[in-house]
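So you know, we letter chains A, B, ... as the sequences are listed, proteins then strands, and number each from 1.
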Number of protein chains: 2
Amino acid sequence: MSFEDVPGLPSVEITLSPADRFREYLATQGMRLTQERATIVEEVFASHEHFDADQLVLRLSQRTDGRRVSRSTVYRALTWLENAGLLRKVARNNDRDVYELDYGYPAHDHLICKRCGDMIEFYNPELAAIIEEVGRTHGFRVEGHRLEVKGLCSACSRPNRKSHRKLDMI
Amino acid sequence: MSFEDVPGLPSVEITLSPADRFREYLATQGMRLTQERATIVEEVFASHEHFDADQLVLRLSQRTDGRRVSRSTVYRALTWLENAGLLRKVARNNDRDVYELDYGYPAHDHLICKRCGDMIEFYNPELAAIIEEVGRTHGFRVEGHRLEVKGLCSACSRPNRKSHRKLDMI
DNA sequence: ATGAGTGCAAAAAGTTTGCACCGCT
DNA sequence: AGCGGTGCAAACTTTTTGCACTCAT
């Protein structure tokens, strides 16, 4: 995954830390920010990379402080984090749901390479405008979107590439 | 699912029937259009509705002529149909891949209602142009895209709706 | 004879859930 | 006492695969 700053990319106001924001959301649902959930949020927001449930479980299992979290708890937390608007599912990869941060991170879409799986983020303001426009003409209240552009990244589309592979994750 | 004709929507040339097109593709792969595959293509192209593997299996099981096809064969055929460019995966619904016809059917995207699940198709030529442009600036060879716009359809966004529900498919 | 194709049942793989125990973020 | 939360293992879903047999698009 590669992230590229784009001039004019909208910035996002963050007043609460992800953990606090999550705590607030949980409170509205009559739930608590437990030690486990806090650990998960910390781990999730420690990186801006895309990830799936399995990778997150792996990262959590490698923590040196003793804050372990079970797989079930991770799955349950991912659902809540998504509902809370802190994460969003961006795609499917290797038959797994792929998540990315959706809090304190500007909206963007992805170019996904069919060959190496690389996900290139991009932001295009016209896109949002068009989507709004389309919604309007259909009386549809747009709340969000997900755009995956599939094709070949520059490395993989070069005929004599030195194999830009990585799709074969054991 | 609702389809609406949009002025200026690109038409698509169909010279071969879906079955013939599939036969041609299969030939290039050293495979044959068997009775089972023909039955599947016929069933798939009998409707323009979105569908998932399970629904297709169900439809096939209800045929009155004795042309039954096993579930495995359906899954295998869906993959080939996708590779052949006759079908494409458009979304996930109820944890299942959702397919739609991609042959003899103009390119389009979807507005998906979060409440009732309705999928409204639309086509916007500017969108394709922007996507091409974005790809170009990233040296990315665009082969296709998938855009899901989530929100509330007009019926569901009316405060005093008479419930436009249908998301509860057992 | 050849080799792709099929159906069945079993296996994968990701995700969800029942349940007993825990602990007060 | 109350109740949400956790971990574990079992269950569940969708999809894939091994295999023996079939069939000839």
Taking CG from A/Asp97 and C1' from D/dT13, how many angstroms apart are they, rounded to a whole number? 13 Å

When you measure only distances, ignoring hydrogens and angles, does the side chain of B/Ser72 come within 3.5 Å of the base of D/dT15 through a donor and an acceptor? no

According to a strict under-4.0 Å criterion, is B/Thr34 in side-chain N/O contact with OP1 or OP2 of C/dT6? yes

Of B/Arg23 and A/Glu36, whose closest DNA chain D nucleotide lies nearer the 5' terminus? A/Glu36

Measure from CZ on A/Phe22 to C1' on C/dT25 and round the result to the nearest Å. 12 Å

Report yes if at least one side-chain N or O of A/Arg68 is closer than 4.0 Å to OP1 or OP2 of D/dT6; otherwise report no. no

Neighbour count above 12 (heavy atom, 6.0 Å) for B/Arg68 CZ: no

If I take atom CG in residue A/Leu78 and atom C1' in nucleotide C/dT16, what distance separates them, rounded to the nearest angstrom? 13 Å

Stem ranges of DNA chain C by first residue number, counting only runs of at least 3 Watson-Crick or G-U pairs under 3.5 Å, come to C:2-24 with D:2-24

Hydrophobic cluster membership, A/Val142 vs A/Ile130, 4.5 Å side-chain cutoff: yes

At 4.0 Å (heavy atoms only), tell me whether A/Asp52 reaches a base, stays on the sugar-phosphate, or touches nothing. nothing

Looking at A/Lys89, A/His108, A/His48, which hits side chain to side chain donor-acceptor pair (under 3.5 Å) with A/Glu100? A/His108

Full working for salt bridge (charged side-chain N to carboxylate O under 4.0 Å, His left out) between B/Arg59 and B/Glu43: CA-CA 8 Å; B/Arg59 282 165 56 188; B/Glu43 192 63 52; 3.3 Å; yes

Atom CE of A/Met31 and atom P of C/dC24 are separated, to the nearest Å, by 18 Å

The answer to which of A/Thr73 and B/Arg71 contacts DNA chain D further toward the 5' end, by nearest nucleotide, is A/Thr73

Looking at the side chain of B/Arg96, which of D/dT15, D/dG5, C/dG7 is the nearest nucleotide? D/dT15

For a quick test of reading the model: is some side-chain N or O of A/Arg37 closer than 4.0 Å to OP1 or OP2 of D/dG5? yes

Taking the nucleotide of DNA chain C with the closest heavy atom to each, which residue, B/Ser70 or A/Asp54, is nearer the 5' end? B/Ser70

Calculate the interatomic distance between A/Phe51 atom CZ and C/dG14 atom C1'; express it in whole Å. 16 Å

Rounding to an integer number of Å, can you tell me how far A/Lys89 NZ sits from C/dG14 C1'? 11 Å

Classify the ring geometry between A/His110 and A/His50 as parallel (under 30°), tilted (30 to 60°) or perpendicular (over 60°). perpendicular

Separation of D/dG5 C1' from A/Gln29 CD (nearest whole Å): 16 Å

Take the protein atom CD of A/Gln35 and the nucleotide atom P of D/dG5, then report the distance between them rounded to whole Å. 14 Å

Please confirm whether the shortest side-chain N or O distance from B/Tyr75 to OP1 or OP2 of D/dT15 is below 4.0 Å. yes

Report the residue from B/Ile131, B/Leu127, B/Val134 that forms a side chain to side chain contact (heavy atoms under 4.5 Å, CB included) with A/Leu147. B/Ile131

So A/Ala53, base contact, sugar-phosphate only, or nothing? Heavy-atom distance under 4.0 Å. sugar-phosphate

Near A/Arg141 CZ, under 6.0 Å, is it more than 12 heavy atoms from other residues, nucleotides or ligands? no

Please check if any side-chain donor atom of B/Tyr105 sits under 3.5 Å from a side-chain acceptor atom of B/Glu121, or the reverse. yes

Options D/dT25, C/dT15, C/dT6, nucleotide nearest the side-chain atoms of B/Arg32: D/dT25

